[in-house]
*Asks:* 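I have a structure I would like to understand better, so I am pasting it below and will then ask my questions one at a time.
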Amino acid sequence: MPPFGISPLLSLLESCKTIKQGFQVHAQIILNGFQHHDFPISRLISFFALLGSEDGINCSQILFCQIECPNQFMYNTMIRGFSHSKFPEKALVFYSSMLRQVNRSPNNFTYPFLLNSCARLSTLKPGIQVHSHVIKFGFELDPFVGNALMHFYSVFRRLNDARIVFEGSPVRDLVSYNTMINGYGLVAQPGPALRLFRKMQDSGILPDEFTFVALLSAFSSLNDHRIGKEIHGFVYRNLYCVDSNVLLKTAILHMYAKSGLMDLAERVFSSMRSNKNTAAWSSMVSGYARCGQTEAARRMFDQMDQRDLICWTAMISGYSQSGQYSEALELFMQMEDLGIRPDECTLAAVLSACARLGALSLGQRLHSRYIEGELCSQNIIISTALIDMYSKCGKIDSALHMFHSIPKSLKTVSLFNSMISGLAQHGLGESALAVFGEMELIGLKPDGVTFVAVLSACSHSGLIEEGKELFRSMSDVYGIKPHKEHYGCMVDLLGRDGCLDEAYDLIRSMPFEANSVIWRALLGACKVHGNIKIGEVACQKLIKLEPDHGAHYILLSNMLANTNKWEQAGRVRKVMEDRGVQKPPGWSYIEFQGTIHRFLASDKSHLQDKGIESMLQDMAMRLKSAGYVPNTTQVVFDIDEEEKETVVSYHSEKLALAFGLVNSSTGETIRIMKNLRVCGDCHSAFKLLSEIYSREIIVRDAIRFHHFKNGSCSCKDFW
DNA sequence: ATAGGGTTAG
């Protein structure tokens with residue numbers, strides 16, 4: 001082997017592509033006695049650091065650590081390497097050790113990379129500190145540093161700060177404009193993006209394809225296809241390379257797909273011919289899914305040759321957003337089986353589906369396997385989704401624990417909304433108000449969603465005065481106009497207090513027509529307080545608004561029957577039959593050994609296995625000896641008493657409870673989910689059963705949670 | 001030094 005000089009070694013290094021080849025060069029460096037020469041070693045460190053792989057950056061770190069007195073280039077290289085690694089925070093570690101070393105002050109190459117690392121962290125603070133260093137060391141006016149600062153601030157949606165840097169920068173080049181336009185796209189402000197674009201043209205800077213990609217993505221957030229089309233035309237007039245520029249085409253396609261213009265999206269898509277990339281496919285998948293066409297989305301998805309994590313996520317979240325939660329979970333498990341690891345976007349979508357389904361054990365598994373102790377445990381969207389999942393699966397304590405473990409500075413309005421509505425569903429009104437107070441204390445401004453949450457918390461817990469006061473302050477103090485949802489909460493609240501006339505007046509004074517949710521709230525209150533007069537009005541309205549909803553007819557006929565207006569009740573039943581309206585099937589489900597078991601009312605298919613039948617008999621017997629009389633008023637009236645009893649004892653929630661009692665051990669909490677409201681008979685029965693079997697039973701119905709324990713329920717019998 | 005597709009709460 002001939003001896004090498006330094007420069008042949010360097011040119012050898014230049015031809016290297018893999019870690020192994022890098023090692024060979026390292027061996028040569030040592031063999032030729034250059035291991036203490038800064039120059040070849042720093043090149044080698046740089047080679048490894050910029051390979052872009054985890055192994056590469058580890059190798060460069062090992063080399064770096066062997067050096068007694070690393071030079072500035074080496075530090076910059078490490079910072080640069082970590083800036084696009086999986087551990088951007090390590091760039092900061094190298095930066096501070098650089099500062100600690102005597103005579104090693106940063107230069108103009110240090111900050112762009114360091115700021116890029118900061119842009120990828122989950123918190124804003126380190127970047128702001130770096131900004132103050134930029135000023136301290138006098139790199140404020142460096143155009144590269146300036147652009148990196150704009151990028152950093154816009155990633156954190158701090159467009160005002162980015163703008164200040166932009167305005168203060170002596171040189172505003174193409175990259176500065178692109179970065180700012182892109183930033184406005186991130187915060188969905190296409191207006192300022194467009195103004196900057198004009199300003200750019202005025203100052204004679206020619207846009208490039210990045211400019212248009214940034215503009216297009218800014219306008220994708222707006223569902224205004226007119227402007228999108230205009231940009232499309234503009235792009236064609238200004239860049240004749242459009243047809244060959246895949247990136248640009250993908251951005252155009254995405255703009256159409258996101259605006260729901262799927263036929264235009266299809267046209268761009270097919271014009272891409274053999275250049276269809278995964279991004280284009282993903283845009284199509286999510287575009288179809290977003291407008292509810294999950295089948296079309298799935299066909300696209302199935303046609304793809306190469307599926308990456310993003311398109312899996314697009315399909316999974318497509319199902320989840322369209323309410324097809326089981327499909328979402330099923331697809332997710334298929335993905336896992338292929339060995340694909342979800343990231344935080346996938347997890348957020350899957351957790352949301354778990355929450356809606358009440359799939360606690362899957363949610364818990366996701367938490368412990370992919371989130372706990374991982375980098376994304378700091379991700380606030382994930383935390384929001386987790387809190388929602390734990391709340392909706394009945395584990396309100398876990399949700400609260402998570403919430404309190406999150407540092408104040410990271411908490412967002414959505415996070416608070418998630419926590420408050422969780423507490424509301426569990427009827428924990430005081431806690432909900434306390435969390436709301438904390439929100440104000442740290443200076444977060446509540447929004448419309450927050451008020452839905454706090455108002456429903458008040459109505460679910462009977463905090464009448466607090467609720468009224470909040471409703472007033474909502475517009476007076478916070479300047480938020482109440483929407484239908486807020487009126488719905490107020491009707492619920494007043495109705496609960498027995499103020500049915502007041503509730504009815506509120507509906508009539510609303511600036512818009514009441515929807516079915518609001519009438520249902522009024523009807524619910526009428527049922528509890530036995531107000532037939534207003535109840536009938538509400539029922540009629542509901543039947544008009546939702547003529548296919550069988551429950552309304554049944555409620556109305558039951559209400560009439562209860563006041564002995566048999567004839568009218570019969571007429572209602574007749575109308576229902578004539579229209580062919582079916583009673584909506586009530587079903588309950590319960591999770592057991594990771595799978596969800598579903599029960600339909602009177603469904604005998606589960607009865608043979610696992611001793612459910614005998615458990616049901618045991619339940620009925622013990623209830624009877626405890627002096628319990630079945631409440632059959634909620635059963636359609638024209639069947640005889642004995643049969644009514646049979647019907648109520650086969651309600652889906654009772655079947656699920658029997659299943660739960662058979663398949664769980666003593667002391668274990670039983671969690672049941674129901675698609676409709678829990679029935680009155682089941683509610684009283686469950687209270688007693690919780691005492692008889694010494695079990696805590698948690699039932700999630702369509703609106704809220706019921707925690708049955710020692711003979712009583714957390715809803716205090718109002719729901 | 002900048003870039004395209006998927007993310008939470010009602």
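We use all heavy atoms of the structure for the numbers below, so side chains are in, but hydrogens, waters and symmetry mates are not.
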*Asks:* Find the distance A/Asp208:CG to B/dA1:C1' and express it as a whole number of Å.
*Replies:*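 My rounded result for the distance is 13 Å.
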
*Asks:* Is there a donor-acceptor pair closer than 3.5 Å between any side-chain N or O of A/Ser169 and the backbone N or O of A/Val165?
*Replies:*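 Flag not set: sc A/Ser169 to bb A/Val165 has no pair under 3.5 Å.
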
*Asks:* Rounded to whole Å, how long is the line connecting atom CG of A/Asp343 with atom C1' of B/dT8?
*Replies:*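 After rounding, the gap between these two atoms is 14 Å.
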
*Asks:* Name the closest nucleotide to the A/Asn147 side chain, picking from B/dT2, B/dT7, B/dA1.
*Replies:*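 The listed nucleotide nearest to A/Asn147's side chain is B/dA1.
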
*Asks:* Check whether any side-chain nitrogen or oxygen of A/Ser282 sits under 4.0 Å from OP1 or OP2 of B/dG6, and answer yes or no.
*Replies:*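 So the side chain of A/Ser282 is outside the cut-off, no N or O lying under 4.0 Å from OP1 or OP2 of B/dG6.
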
*Asks:* Give a yes or no on whether a donor-acceptor pair under 3.5 Å exists between the nucleobase atoms of B/dT8, that is its base, and the side chain of A/Thr384.
*Replies:*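 Side chain to base: pair found, below 3.5 Å.
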
*Asks:* Please state how far atom OH in A/Tyr111 lies from atom C1' in B/dA1, giving the value in whole angstrom units.
*Replies:*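 About 16 Å, once rounded to whole Å.
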
*Asks:* A/Lys276 near the nucleic acid: base, sugar-phosphate alone, or nothing, with a heavy-atom cut-off under 4.0 Å?
*Replies:*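 Counting heavy atoms under 4.0 Å across all strands, no contact is made by A/Lys276.
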
*Asks:* What is the separation between atom CD1 on A/Ile181 and atom C1' on B/dA1, rounded to the nearest whole Å?
*Replies:*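 Result: 16 Å.
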
*Asks:* Return yes if some donor-acceptor pair links the side-chain N/O of A/Ser391 with the main-chain N/O of A/Ala399 below 3.5 Å, else return no.
*Replies:*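 Judged by distance alone, no pair lies under 3.5 Å.
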
*Asks:* Give a yes/no on whether any side-chain N or O of A/Lys392 is located under 4.0 angstrom from OP1 or OP2 of B/dG10.
*Replies:*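 For B/dG10, OP1/OP2 do have a side-chain N/O of A/Lys392 under 4.0 Å.
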
*Asks:* Scan A/Asn108 against the nucleic acid and name what it touches under 4.0 Å (heavy atoms): base, sugar-phosphate only, or nothing.
*Replies:*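 Contact class for A/Asn108: none.
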
*Asks:* Classify the side chain of A/Ser418 and the base of B/dA9 as holding, or not holding, a donor-acceptor pair under 3.5 Å.
*Replies:*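 Answer no: no donor N or O sits under 3.5 Å from an acceptor.
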
*Asks:* Grab the CG-P distance between A/Leu216 and B/dG5 for me, whole Å please.
*Replies:*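 Roughly 10 Å, once rounded to whole Å.
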
*Asks:* Students often get this wrong, so: under 4.0 angstrom with heavy atoms, is A/Val449 touching a base, only sugar-phosphate, or nothing?
*Replies:*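 Touches a base.
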
*Asks:* Is the shortest side-chain N to carboxylate O distance from A/Glu295 to A/Arg299 below 4.0 Å?
*Replies:*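 No, no charged N to carboxylate O under 4.0 Å.
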
*Asks:* Please work out if A/Phe451 contacts a base, only the sugar-phosphate, or nothing of the nucleic acid, heavy-atom cut-off 4.0 Å.
*Replies:*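 Answer is nothing: A/Phe451 stays at 4.0 Å or more from every strand.
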
*Asks:* With sugar-phosphate meaning primed atoms plus P, OP1 and OP2, does A/Thr450 contact a base, only sugar-phosphate, or nothing at under 4.0 Å between heavy atoms?
*Replies:*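 Counting heavy atoms under 4.0 Å across all strands, no contact is made by A/Thr450.
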
*Asks:* Does a side-chain N or O of A/Arg356 approach OP1 or OP2 of B/dA9 to a distance below 4.0 Å, or not?
*Replies:*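 Yes, within the criterion.
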
*Asks:* Taking any heavy-atom pair under 4.0 Å as a contact, classify A/Arg307: base, sugar-phosphate, or nothing.
*Replies:*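 Since no nucleic acid heavy atom lies under 4.0 Å of A/Arg307, the category is nothing.
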
*Asks:* Within the structure shown, what part of the strands sits under 4.0 Å from A/Asp308 by heavy-atom distance: base, sugar-phosphate, or nothing?
*Replies:*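 The residue A/Asp308 makes base contact.
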
*Asks:* Compare the minimum distances between each of B/dA1, B/dG6, B/dG10 and the side chain of A/Val452, then state the nucleotide with the smallest one.
*Replies:*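 Output: B/dG10.
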
*Asks:* Between B/dT7, B/dT8, B/dT2, which one does the side chain of A/Phe210 approach most closely?
*Replies:*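 Taking heavy atoms from C-beta onward, the closest nucleotide is B/dT2.
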
*Asks:* Check whether any side-chain N or O of A/Asn116 sits under 4.0 Å from OP1 or OP2 of B/dT2, and answer yes or no.
*Replies:*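 Yes, within the criterion.
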
*Asks:* Any chance OH of A/Tyr370 has more than 12 other-residue heavy atoms, nucleotides or ligands included, within less than 6.0 Å?
*Replies:*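 It does: A/Tyr370 OH has more than 12 such atoms within range.
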
*Asks:* Find out whether A/Phe82 and A/Ser117 are in side-chain contact, i.e. whether some heavy atom of one side chain is under 4.5 Å from a heavy atom of the other.
*Replies:*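 A/Phe82 vs A/Ser117: side chains apart.
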
*Asks:* Tell me: CE of A/Met150 to C1' of B/dA1, nearest whole Å?
*Replies:*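 Distance check: A/Met150 CE to B/dA1 C1' gives 11 Å.
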
*Asks:* A/Ser283 has a side chain; which of B/dT8, B/dG5, B/dG10 sits nearest to it?
*Replies:*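 Of all the options, the side chain of A/Ser283 is nearest to B/dG5.
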
*Asks:* Would you say the ring centroid of A/Phe471 lies under 6.0 angstrom from that of A/Tyr487?
*Replies:*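 Yes - the distance between ring centres of A/Phe471 and A/Tyr487 falls below the 6.0 Å cut-off.
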
*Asks:* I need the single residue from A/Ile371, A/Asp388, A/Thr346 that forms a side-chain contact (heavy atoms from CB on, under 4.5 Å) with A/Leu351. Which is it?
*Replies:*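 Checked A/Ile371, A/Asp388, A/Thr346 against A/Leu351; only one passes side-chain contact (heavy atoms from CB on, under 4.5 Å): A/Ile371.
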
*Asks:* Could you tell me whether the phosphate oxygens of B/dT8, OP1 or OP2, come under 4.0 Å of any side-chain nitrogen or oxygen in A/Thr412?
*Replies:*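 So the side-chain polar atoms of A/Thr412 never come under 4.0 Å of the phosphate oxygens OP1 or OP2 of B/dT8.
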
*Asks:* Quickly work out the A/Gln321 CD to B/dT7 P distance and round it to whole Å.
*Replies:*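 For the pair A/Gln321 CD and B/dT7 P, the rounded distance is 5 Å.
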
*Asks:* Send over the distance from A/Asp388 CG to B/dT8 P, rounded to a whole Å.
*Replies:*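 Nearest whole value for this atom pair: 10 Å.
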
*Asks:* If only side-chain N and O atoms of A/His486 are considered, is one of them under 4.0 Å from the OP1 or OP2 phosphate oxygen of B/dG10?
*Replies:*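 Answer is no, no contact under 4.0 Å.
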
*Asks:* Quick one: label A/Thr278 by what it contacts on the DNA or RNA (base, sugar-phosphate, nothing), any heavy atom closer than 4.0 Å.
*Replies:*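 It contacts base atoms.
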
*Asks:* Any side-chain N or O of A/His151 under 4.0 Å from OP1/OP2 of B/dT2?
*Replies:*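 Checking B/dT2 against A/His151, no side-chain N or O comes under 4.0 Å of OP1 or OP2.
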
